[in-house]
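The structure appears right after this line, and notes come after that.
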Amino acid sequence: MTRTPVNVTVTGAAGQIGYALLFRIASGHLLGADVPVKLRLLEIPQGVKAAEGTAMELDDCAFPLLKGIDIFDDPNQGFEGANIALLVGARPRTKGMERGDLLAANGGIFKPQGQAINAHAADDIKVLVVGNPANTNALIAQQSAPDVPAERFTAMTRLDHNRALTQLAQKTGASVEDIKRLTIWGNHSATQYPDIFHAEIAGKNAAEVVNDEAWLADTFIPTVAKRGAAIIEARGASSAASAANAAIDHVHTWVNGTREGDWTSMGIPSDGSYGVPEGLISSFPVTCENGTYEIVQGLDINEFSRARIDASVQELAEERDAVRELGLI
Ligand SMILES: NC(=O)C1=CN([C@@H]2O[C@H](COP(=O)(O)OP(=O)(O)OC[C@H]3O[C@@H](n4cnc5c(N)ncnc54)[C@H](O)[C@@H]3O)[C@@H](O)[C@H]2O)C=CC1
Ligand SMILES: O=C([O-])CC(=O)C(=O)O
């Protein structure tokens, strides 16, 4: 039986992450080696020509699963029939820009995109927001799409999750695939909290294996939380290939499920679990099955973790209040 292609809309398609992302979507890494895709690339008018160049290269790969590429500069067309939307394009912070200016500039992108998703996307749309500030951009898009179930809007903390896995593996000499149940809580920002208290390394509690609270507080957490800045410092450009890889992982896990006995981290609208105010798009431990996710319940949160989760959630609440004041939600 021939499968109907899945429509995947990618915004910011001509950017750094877009260039690292599109070839992997087209080669089957996003949804699976047997799932045909059609790409819908959304750019601003100045980005269209570069997106056309990338589309030429995609054609030149002769990917068997790639059933079409269309390029748009109008979100209403870009999200038409979209089953999966990767919102990558965002307004970066430039010199002298205050946080409020950044939120306002991104509101000008994510509000109309949320409205376009509401009006034109397929009924089964799943949205991943990558563009920063990812959690609050996701909140703006979600609030602008009242007819789409809120849980379909997610923000990317999988890059943080993957960074934490490797830091922990390198510290303990374990292999990344032996590590399970690690969690990123809160915001995709320097306040995020990578939590190893429930993680397991080859079946043993990770915090007990590490047994070094000073390393946790002074090395592990800041290394993971500030990794984006460290990459910018070293590379002279922000994480692109690793961010694209994390976006692939996020959607692949959401659609195809978490592995047995493990969970992942996703920024999702809070249902009030773990004291995170309902509606904030915050990172939680989640399991995925059959294209849906559920927050892992019943974890004991110790004092060390509680203070850090609360601080990151407080930052999310402040960002929400700021965009509310700007009339964006
Ligand atoms: N959540 C996460 O873990 C991470 C998030 N990021 C964020 O991802 C975003 C993209 O990063 P890069 O690709 O490196 O940036 P980039 O600047 O190379 O590309 C962004 C692209 O978005 C396009 N764009 C801007 N406004 C748009 C709109 N309204 N509609 C469609 N396209 C639009 C631009 O023309 C540009 O081609 C940034 O906000 C970055 O901070 C980056 C790394 C990790
Ligand atoms: O700050 C940025 O643009 C990059 C980023 O989010 C990250 O690498 O985690």
Side-chain angles (χ1 to χ4, degrees), residues 9-22 40-55 71-79 82 85-94 97 99 102-117 127-138 140-141 144 154-164 184 186-192 194 222-251 265-268 281-283:
T9 297
V10 179
T11 77
Q16 296 274 336
I17 295 176
Y19 195 70
L21 184 60
L22 293 168
R40 303 179 75 78
L41 312 185
L42 182 63
E43 257 297 343
I44 50 175
Q46 308 89 288
V48 164
K49 186 152 186 255
E52 284 169 356
T54 304
I71 302 172
F72 306 96
D73 63 7
D74 170 2
N76 290 312
Q77 293 177 309
F79 292 110
L86 304 177
L87 309 192
V88 178
R91 174 74 199 276
R93 191 194 289 261
T94 42
M97 205 178 198
R99 201 178 61 145
L102 182 73
L103 291 170
N106 278 295
I109 296 173
F110 288 86
K111 189 170 178 162
Q113 289 186 356
Q115 290 166 335
I117 288 169
V127 182
L128 167 62
V129 176
V130 174
N132 280 319
N135 300 56
T136 298
N137 288 340
I140 294 168
S144 310
T154 66
M156 191 165 92
T157 53
R158 185 62 172 266
L159 179 54
D160 311 298
H161 185 99
N162 288 345
R163 287 166 170 164
I184 304 293
N187 201 0
H188 172 69
S189 76
T191 67
Q192 68 175 267
T223 299
V224 174
K226 296 180 187 162
R227 188 72 162 183
I231 302 280
I232 291 171
E233 175 66 28
R235 221 173 77 83
S238 71
S239 331
S242 54
N245 179 68
I248 297 272
D249 283 352
H250 176 114
V251 173
S265 304
M266 288 168 66
I268 57 169
I281 300 204
S282 183
S283 189

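Atoms within a ligand are numbered from 1 in the order they appear, just like the ligands themselves.
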Sole residue of N135, T157, N187 in side-chain hydrogen bond (donor to acceptor under 3.5 Å, both in side chains) with S283: T157
Any idea which atoms of ligand 2 are less than 4.0 Å away from a heavy-atom of G228? 7 (C), 8 (O), 9 (O)
Can you name the one residue among L42, T9, I117 that meets side chain to side chain contact (heavy atoms under 4.5 Å, CB included) with P75? L42
By number and element, which atoms of ligand 2 are closer than 4.0 Å to a non-hydrogen atom of S239? 7 (C), 8 (O)
Please compare K226, R227, R163 and report which has the shortest non-hydrogen distance to atom 7 (C) of ligand 2. R163
4.5 Å side-chain heavy-atom contact, N162 and D249: yes
Where ligand 2 meets S238 - atom numbers and elements under 4.0 angstrom, heavy-atom basis: 3 (O), 4 (C)
I'd like to know if the side chain of E43 and the backbone of A14 have a donor-acceptor N/O pair within less than 3.5 Å. yes
A student checking ligand 2 against N132 at a 4.0 Å heavy-atom cut-off should list atoms 1 (O), 2 (C), 3 (O), 5 (C), 6 (O)
Report yes if the side chains of I281 and V129 come closer than 4.5 Å at any heavy-atom pair, otherwise no. no
Ligand 1: protein N/O within less than 3.5 Å of ligand N/O:
| residue | atom | partner | partner atom | Å |
| --- | --- | --- | --- | --- |
| ligand 1 | 1 (N) | V130 | O | 3.2 |
| ligand 1 | 1 (N) | M156 | O | 3.4 |
| ligand 1 | 3 (O) | H188 | NE2 | 3.2 |
| ligand 1 | 6 (N) | N132 | ND2 | 3.4 |
| ligand 1 | 13 (O) | Q16 | N | 3.3 |
| ligand 1 | 13 (O) | I17 | N | 2.9 |
| ligand 1 | 18 (O) | Q16 | N | 2.9 |
| ligand 1 | 30 (N) | Q113 | NE2 | 3.4 |
| ligand 1 | 32 (N) | G12 | N | 3.2 |
| ligand 1 | 35 (O) | E43 | OE1 | 2.7 |
| ligand 1 | 37 (O) | G15 | N | 3.4 |
| ligand 1 | 37 (O) | E43 | OE2 | 2.6 |
| ligand 1 | 39 (O) | N132 | N | 3.0 |
| ligand 1 | 41 (O) | N132 | ND2 | 2.8 |

Is there a donor-acceptor pair under 3.5 Å between the side chain of R40 and the backbone N or O of Q77? yes
Student check: side-chain heavy atoms of S265 and Q192 closer than 4.5 Å: no
Test side-chain hydrogen bond (donor to acceptor under 3.5 Å, both in side chains) applied to T136 - qualifying residues, sequence neighbours left out: E319
